[in-house]
Number of protein chains: 2
Amino acid sequence: MKRFVEVEQWLKTHGIRLTDQRRLVVRRAVAYLHFTAEELVKDVQEFDPSVARGTVYRTLAMLQQAGMVEKHDFRYGPPNYEVTFAKAHHDHLMCLHCGEIIEFQEPRWERLQDEVATRYKYQLLTHTHKLYGLCAACQGAGDKRLAKPPHLHVEEMVA
Amino acid sequence: MKRFVEVEQWLKTHGIRLTDQRRLVVRRAVAYLHFTAEELVKDVQEFDPSVARGTVYRTLAMLQQAGMVEKHDFRYGPPNYEVTFAKAHHDHLMCLHCGEIIEFQEPRWERLQDEVATRYKYQLLTHTHKLYGLCAACQGAGDKRLAKPPHLHVEEMVA
DNA sequence: TGTTAGTTGAGACTGAGTCTCAAGTAAGAT
DNA sequence: ATCTTACTTGAGACTCAGTCTCAACTAACA
């Protein structure tokens with residue numbers, strides 16, 4: 001089953017009203033790996049220019065609230081969103097030159113984290129762990145500065 | 001020797017002109033553990049209201065460039081700055097209720113990171129690792145939402 | 001097919017940060 | 001000590017991302 005169908009079902013069963021606008025936002029969001037709010041606004045408005053910015057932000061907040069979308073503050077540019085519904089926990093490795101984002105898992109970290117939390121008597125709720133560097137392809141390139149914002153990877157429109 | 005004296009010397013030896021404004025910004029910054037740009041602006045302007053916002057931002061950027069100040073995107077609110085000059089590398093643990101920030105070191109992480117970077121053929125440049133939870137004191141409190149922004153810890157003014 | 005509470009679009013508003021440029025000044029040269 | 005000049009500053013306009021308000025609209029249940 002397509003992911004957006006599951007997301008829509010989840011919304012329905014949780015008493016959240018399904019409007020055309022929300023459907024569109026969800027469908028466009030799941031087509032991306034990572035995206036910024038403004039990118040999603042533009043993308044959604046290409047399909048329906050009448051959808052307001054506020055609606056996209058509100059829907060995004062709602063999805064985040066529901067735990068289907070996560071917001072990441074990568075170090076450069078505005079925050080990045082990711083649809084995490086039915087996805088295993090992972091951390092991120094980002095190329096500072098081309099903006100590639102790799103998702104990886106490292107269970108040994110999770111254990112070390114618990115250890116640290118215990119050390120300081122903290123009840124751990126969440127964490128972010130991000131590595132920044134240069135991917136193999138960009139290590140040769142001359143200018144090592146961030147060339148473009150963290151991106152993107154669009155699948156086809158699933159309408 | 002006071003930290004700000006070292007910072008000022010460093011600036012001097014690197015051909016950066018020492019103005020009264022920069023001196024003030026540096027001195028106020030080293031009085032904090034963590035601070036936001038706007039907090040520093042207000043703080044600096046209490047000592048000299050004629051210092052412009054732009055000047056504080058510019059000085060902050062310069063110090064960051066020089067590697068004496070680090071910018072942290074904690075998950076809530078605007079970015080947090082920290083004077084890292086002559087400080088060992090560390091990561092952060094933050095209480096989501098009272099905003100306490102604990103700095104800790106965990107060398108085993110660094111090794112795991114190198115491993116991950118190698119796995120993906122990345123040249124690692126930097127990383128951020130932040131744990132969020134509830135400190136011992138706040139675990140009992142009723143409302144678990146973030147009560148106030150990441151803060152602060154002011155030492156006395158060193159003028 | 002009502003009814004109504006939840007949702008929307010439009011645009012004003014906010015907060016954080018950047019930019020511009022004329023005026024001011026630190027610090028090396030004289 | 002004073003000159004010179006490139007660097008720095010203050011003021012305020014500007015930008016960008018995100019939030020808020022409110023009248024008009026609509027999904028979904030009765």
Side-chain angles (χ1 to χ4, degrees), chain A residues 8-26 28-29 34-66 69 71-81 146 148-150, chain B residues 8-26 28-29 34-66 69 71-81 146 148-150:
Chain A
E8 290 178 4
Q9 280 185 346
W10 189 96
L11 294 177
K12 207 151 193 159
T13 60
H14 285 72
I16 291 165
R17 195 179 288 183
L18 261 185
T19 64
D20 289 349
Q21 293 88 336
R22 284 178 180 173
R23 251 187 281 267
L24 180 58
V25 171
V26 167
R28 293 313 301 146
H34 293 93
F35 55 92
T36 68
E38 289 299 317
E39 280 164 351
L40 188 58
V41 169
K42 279 205 194 67
D43 185 298
V44 161
Q45 291 181 339
E46 271 179 38
F47 289 89
D48 180 352
S50 77
V51 174
R53 244 156 57 86
T55 298
V56 175
Y57 275 92
R58 278 183 298 235
T59 306
L60 220 35
M62 192 195 67
L63 294 170
Q64 206 190 334
Q65 188 77 20
V69 159
K71 186 177 170 186
H72 298 291
D73 276 305
F74 286 103
R75 237 166 123 150
Y76 308 89
N80 233 270
Y81 292 84
L146 183 61
K148 53 175 183 126
Chain B
E8 290 178 4
Q9 281 186 345
W10 189 96
L11 294 177
K12 206 148 194 163
T13 59
H14 285 72
I16 291 164
R17 195 181 288 183
L18 262 184
T19 64
D20 289 349
Q21 293 89 336
R22 286 177 179 174
R23 251 187 283 266
L24 180 58
V25 171
V26 167
R28 292 313 302 147
H34 292 93
F35 55 92
T36 67
E38 289 298 317
E39 279 164 352
L40 188 59
V41 169
K42 279 204 194 67
D43 185 297
V44 161
Q45 291 182 338
E46 271 179 39
F47 288 90
D48 180 351
S50 78
V51 175
R53 246 156 55 85
T55 298
V56 175
Y57 275 92
R58 278 184 296 237
T59 307
L60 221 35
M62 192 194 67
L63 293 170
Q64 207 189 334
Q65 187 78 20
V69 158
K71 187 176 171 186
H72 298 291
D73 277 304
F74 286 103
R75 237 167 123 149
Y76 308 90
N80 233 270
Y81 291 84
L146 183 62
K148 53 177 181 124

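Numbers restart at 1 for each chain; the letters A, B, ... are given by sequence-line order, proteins then strands.
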For Leu11(B) and dA26(C), give me the distance from atom CG to atom C1', rounded to whole Å. 14 Å
Every protein N/O lying under 3.5 Å from an N/O of nucleotides 16-25 of chain D:
from	atom 1	to	atom 2	distance (Å)
dG18(D)	OP2	Tyr57(A)	OH	2.6
dG18(D)	N7	Arg53(A)	NH2	2.3
dG18(D)	O6	Arg53(A)	NH2	3.2

Measuring to OP1 and OP2 of dG9(C), would you say a side-chain N or O of Gln21(A) lies under 4.0 angstrom away? yes
Taking every heavy atom of Ala37(A) against every heavy atom of Val56(A), the minimum-distance pair comes out as O-CG1, 4.5 Å
First of Ala52(A) and Ile16(B) reached from the 5' end of DNA chain C, by closest nucleotide: Ala52(A)
Reference residue Phe35(B); test side chain to side chain contact (heavy atoms under 4.5 Å, CB included); the match among Asp43(B), Leu60(B), Asn80(B): Leu60(B)
In whole angstroms, the gap separating C1' of dA27(D) from CZ of Arg23(A) amounts to 10 Å
Atom CG of Leu63(A) and atom C1' of dT7(C): how far apart are they, to the nearest Å? 14 Å
Is the phosphate of dG9(C) approached by Thr55(A) (side-chain N or O, under 4.0 Å from OP1 or OP2)? yes
In whole angstroms, how far is the P atom of dC7(D) from the NE2 atom of His14(B)? 17 Å
Taking the inter-plane angle between the rings of His34(B) and Phe74(B) on a 0 to 90° scale, is it parallel (under 30°), tilted (30 to 60°) or perpendicular (over 60°)? perpendicular
Carboxylate-amine/guanidinium proximity below 4.0 Å for Arg53(B) and Glu38(B): yes
How many whole angstroms separate atom CG of Asp73(A) from atom C1' of dA16(C)? 14 Å
Rounded to whole Å, how long is the line connecting atom CE of Met62(B) with atom C1' of dT8(D)? 11 Å
In whole angstrom, what separates Arg17(A)'s CZ from dT26(D)'s P? 12 Å
Starting from C1' on dA28(D), measure out to CG on Leu18(A) and report it in whole angstrom. 11 Å
Look up atom CZ in Arg28(A) and atom NZ in Lys42(A), then write down how far apart they are to the nearest 0.5 Å. 14.5 Å
